[in-house]
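In what follows, a single structure is set out as structure tokens and then discussed.
Order of the sequence lines fixes the chain letters, A, B, ..., with proteins taken first and strands second; residue numbering starts at 1 for each chain. What you are looking at is a predicted structure, and each value in this text was computed from that prediction instead of being measured.
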Amino acid sequence: MPGLADKRLVFVTGKGGVGKSTVALALGIAAARRGLRTIVAELSGQARAAETFGVAPPSGEEVRLGDCLHAISVDMERAMEEYLHQRVGRVGDLLAGSRAFHAFAHATPGMRELLSIGKVWELAQDRRRVPGAQPYDLVIVDAPATGHALGALRAPATFADIARVGPIAHQGRTIDATLRDAAQTAVVAVSLAEEMPVTETLVLRARLRDALDRELAAVVVNACLPERIGPRQTRTLAAALDGADDRVVHAALRAALSEQARARAQREQLARLADGLGGSGAAAGPADEIPSLELPYLFVERLDASAVGALADRLEALL
Amino acid sequence: VSGDVAALLATTRVCVVGGSGGVGKTTASAAIAAGMAARGRKVAVVTIDPARRLATALGLDELGNEPHRIDARRFAEHGLPLGDGELWAMTLDPKRTFDELIARLSPDAETRERILGNRVYRELSDAVAGSQEFTAVAKLHELAQAGDWDLLVLDTPPSRNALDFLDAPDRLRAFFEGRALQTLLRGGGAGLRLLGRGTGIVLGLLRRVTGAELLSDLSEFFRLLGGLLGGFRTRAAEVEALLRAPDTTFLLVTSPEREPIDEAIYFQRRLRTARMTLCGAVVNRMHVDELGGGDDALDDLDARLARAAGLSRALAASVAAAFADEHALARRDAANVARLRERLGAGVPLVCVPLLDEDVHDVEGLVRLGARLFAHAP
């Protein structure tokens with residue numbers, strides 16, 4: 001298993017709607033249970049982790065959710081102000097307050113991504129740049145969906161290339177080196193056992209290799225239905241459905257058969273995913289295989305802290 | 001399960017399909033476009049990132065960044081004859097759309113070539129969050145201007161925040177208005193007046209923060225874009241007018257889970273503030289069972305199953321467990337949809353689509369989905 005507990009930065013990404021935030025938070029809970037000082041950093045402007053714990057922190061602020069567990073919703077403006085303050089001290093505050101500079105930062109393509117990634121990098125440093133801030137053992141990044149996440153991961157290198165020399169070039173290279181270092185950084189893909197998310201996971205893997213020369217640390221397949229009924233039993237139920245006149249019995253048989261059909265379709269997609277992750281053909285050894293972990297579909301009304309805690313039990317295997 | 005997309009789109013010329021990621025926007029957009037084509041319209045659907053199997057099924061693999069006509073036989077053989085209608089489709093290529101926009105707005109060939117060759121533009125324009133969003137809107141505008149279609153359906157980009165693309169015109173404007181910076185970087189009174197006091201200091205600090213080379217590349221980039229600003233402003237105004245036109249409507253797609261529904265409710269508020277019209281919402285992949293979520297007489301279901309259907313005790317228990325879980329989801333979904341209905345108000349019809357046993361990624365699946373979106377056969 002990938003040993004995520006030994007990393008400093010874990011990026012959690014995947015297609016929209018697959019449950020990235022839930023998995024990121026569950027990983028954070030699992031790490032905190034181990035006694036690692038952990039922060040879940042959200043890059044989408046939302047604060048889902050804090051909301052799950054019934055906390056409403058100001059944007060950009062680190063907030064404590066429980067023992068060893070913290071969260072932050074990364075705010076671009078705030079990250080920019082912090083960066084300026086570090087670089088040029090008090091006069092940086094003047095810059096941060098200037099309309100010209102804001103226009104510059106908003107207009108510069110990729111600046112938002114660069115600042116966000118710079119902030120999560122800062123969270124993962126032993127010597128925090130933010131005055132008075134404590135270091136974290138592990139930063140779990142609830143990253144944007146695949147395409148945007150790759151854009152963010154590439155931003156430091158791209159800026160370093162364009163700038164060539166100077167502070168942004170230097171900073172960009174430092175962050176990029178951290179992202180490329182398998183000892184410090186891991187990327188975890190979240191998927192569903194459905195056609196599009198599986199395809200997107202496989203595309204993510206290929207693009208991550210191209211962009212950062214990195215391999216996925218693990219794939220988490222969320223919301224897997226239980227297989228309650230085997231093939232022979234399915235035939236029995238289909239026959240029983242034909243003759244059922246009791247309304248409730250009919251409804252129950254239909255629901256069970258429908259769930260079984262969806263569970264079977266999921267198994268096909270899981271097989272497709274395993275195929276795609278199983279290295280590159282016959283020459284690939286076990287070392288090329290990416291571990292994947294299935295999370296059960298939770299039949300609950302809402303994913304509250306205890307439901308996410310149950311998922312954390314399973315995710316401990318990835319630490 | 002109710003509602004009818006044909007009724008929602010009766011007088012619509014442009015339909016923007018919005019919703020959070022993973023709710024089935026792309027397949028819904030394609031099914032709606034095909035259904036409207038089967039009702040005699042000439043329809044073009046702009047998809048962002050269709051599943052490969054769906055793209056192949058529609059013949060969308062070919063490049064071009066322009067709509068092309070889908071062979072009607074692909075639908076006829078699955079029981080949906082298009083008759084006099086036409087279905088056109090394209091997959092958006094954001095980078096190419098961006099290049100085309102630059103080319104169209106450039107005052108001359110030299111400016112165009114210099115922007116397209118600029119390092120900042122080349123390296124960064126496709127990395128920007130939101131570039132898909134604004135290129136999608138730009139493409140929609142271009143197709144609407146061409147006026148070749150009775151109905152345009154735009155599938156909006158997959159993003160966690162369904163509203164990102166509503167901000168696209170603003171972000172694009174910020175992008176072009178980097179010209180203000182270019183004025184600043186060259187110095188001069190206009191820049192100072194435009195940007196406020198302390199500009200000289202700001203410039204010096206900026207150099208210290210970014211490094212001189214990046215600053216000069218950016219400055220060149222913004223200077224070049226400055227030449228396009230006039231054309232862009234006109235276009236941005238046209239795009240906004242298009243999105244607010246009486247025959248342009250937004251159609252929300254959501255799944256019945258709590259978060260997408262919350263986002264759908266927020267989406268409507270934002271549309272209202274922006275003076276844009278919401279014609280309805282599709283609730284996709286609803287858990288429904290034959291009891292309609294209303295019957296609690298599920299005690300002894302094991303025994304009833306064993307008795308009435310002759311199942312073994314173990315199998316009866318499995319079926320009862322599956323039903324109890326699915327029934328709970330059906331009740332949850334019904335409650336979420338009731339909340340959505342109440343919050344959106346009576347003026348916003350809902351079209352509810354049950355969770356299908358199979359993923360939709362071929363023409364047959366689109367036809368099956370279409371049968372749930374449209375109340376009557378064409």
Region of L150(A) that comes under 4.5 Å of a non-hydrogen atom in chain B:
neither
So does R272(A) have more than 12 non-hydrogen atoms from other groups sitting under 6.0 Å from CZ?
yes
Contact part of R228(A) toward chain B, heavy-atom cut-off under 4.5 Å: side chain, backbone, both or neither?
both
Which of E326(B), R307(B), H287(B), E259(B) touches chain A most, by non-hydrogen pairs under 4.5 Å:
E326(B)
Would you call R48(A)-D142(A) a salt bridge at under 4.0 Å N-O?
no
Option that, when pairs with chain B are counted at under 4.5 Å, heavy atom only, ranks first among Q260(A), Q171(A), R264(A), E194(A):
E194(A)
Does the pair T47(B) and D155(B) meet the rule for a side-chain hydrogen bond (donor to acceptor under 3.5 Å, both in side chains), with working shown?
CA-CA 5 Å; T47(B) 66; D155(B) 163 32; 5.2 Å; no
Return the option, out of A265(A), A252(A), A261(A), with the maximum number of heavy-atom pairs under 4.5 Å with chain B.
A252(A)
The interface call for A328(B) against chain A, heavy-atom contacts under 4.5 Å, is neither
Could you look at V300(A) and say if it's the side chain, the backbone, both or neither that has a heavy atom under 4.5 Å from chain B?
backbone
Could you walk me through whether R339(B) and D262(B) pass side-chain contact (heavy atoms from CB on, under 4.5 Å), step by step?
CA-CA 9 Å; R339(B) 184 164 65 94; D262(B) 283 344; 2.9 Å; yes
Of the backbone (N, CA, C, O) and the side chain (C-beta and beyond), which part of V203(A) lies under 4.5 Å from a heavy atom of chain B, both, or neither?
side chain
May I ask you to decide if P197(A)'s main-chain N or O and Q269(A)'s side chain share a donor-acceptor pair within less than 3.5 Å?
no
Taking side chain as everything from C-beta outward and backbone as N, CA, C, O, which of these in R164(A) sits under 4.5 Å from a heavy atom of chain B? Side chain, backbone, both or neither.
side chain
So for A244(A), is it side chain, backbone, both, or neither that comes closer than 4.5 Å to the heavy atoms of chain B?
neither
With distance as the sole test, does K15(A) use its side chain to make a donor-acceptor pair with the main-chain N or O of A145(A) at under 3.5 Å?
no
All heavy atoms of N284(B) vs all of V23(B), minimum pair found to be ND2-O, 3.0 Å
Chain B contacts, top residue of V165(A), T146(A), I229(A), D246(A) (heavy-atom pairs, under 4.5 Å):
D246(A)
If you count heavy-atom pairs within less than 4.5 Å of chain B, which of G166(A), A256(A), A251(A) leads?
A251(A)
Hey, does the side chain of S73(A) reach the backbone of Q46(A) with a donor-acceptor pair shorter than 3.5 angstrom?
yes
Does any N or O in the side chain of T13(A) come within less than 3.5 Å of the main-chain N or O of P144(A), such that one atom is a donor and the other an acceptor?
yes
Quick check on S258(A) against chain B: is it the side chain, the backbone, both or neither that has a heavy atom closer than 4.5 Å?
both
Sort L355(B) into side chain, backbone, both or neither according to what part of it lies under 4.5 angstrom from a heavy atom of chain A.
side chain
Smallest separation among heavy atoms of R285(B) and D333(B), with atom names:
O-OD2, 4.4 Å
Of the listed R332(B), R258(B), E257(B), the one with the largest count of heavy-atom pairs under 4.5 Å with chain A is R258(B)
Taking it one step at a time, do L241(A) and H250(A) satisfy side-chain contact (heavy atoms from CB on, under 4.5 Å)?
CA-CA 6 Å; L241(A) 183 68; H250(A) 196 271; 3.7 Å; yes
D161(A) portion near chain B, given a 4.5 angstrom heavy-atom threshold:
backbone
Heavy-atom cut-off 4.5 Å, strictly under: side chain, backbone, both or neither for A321(B) against chain A?
both
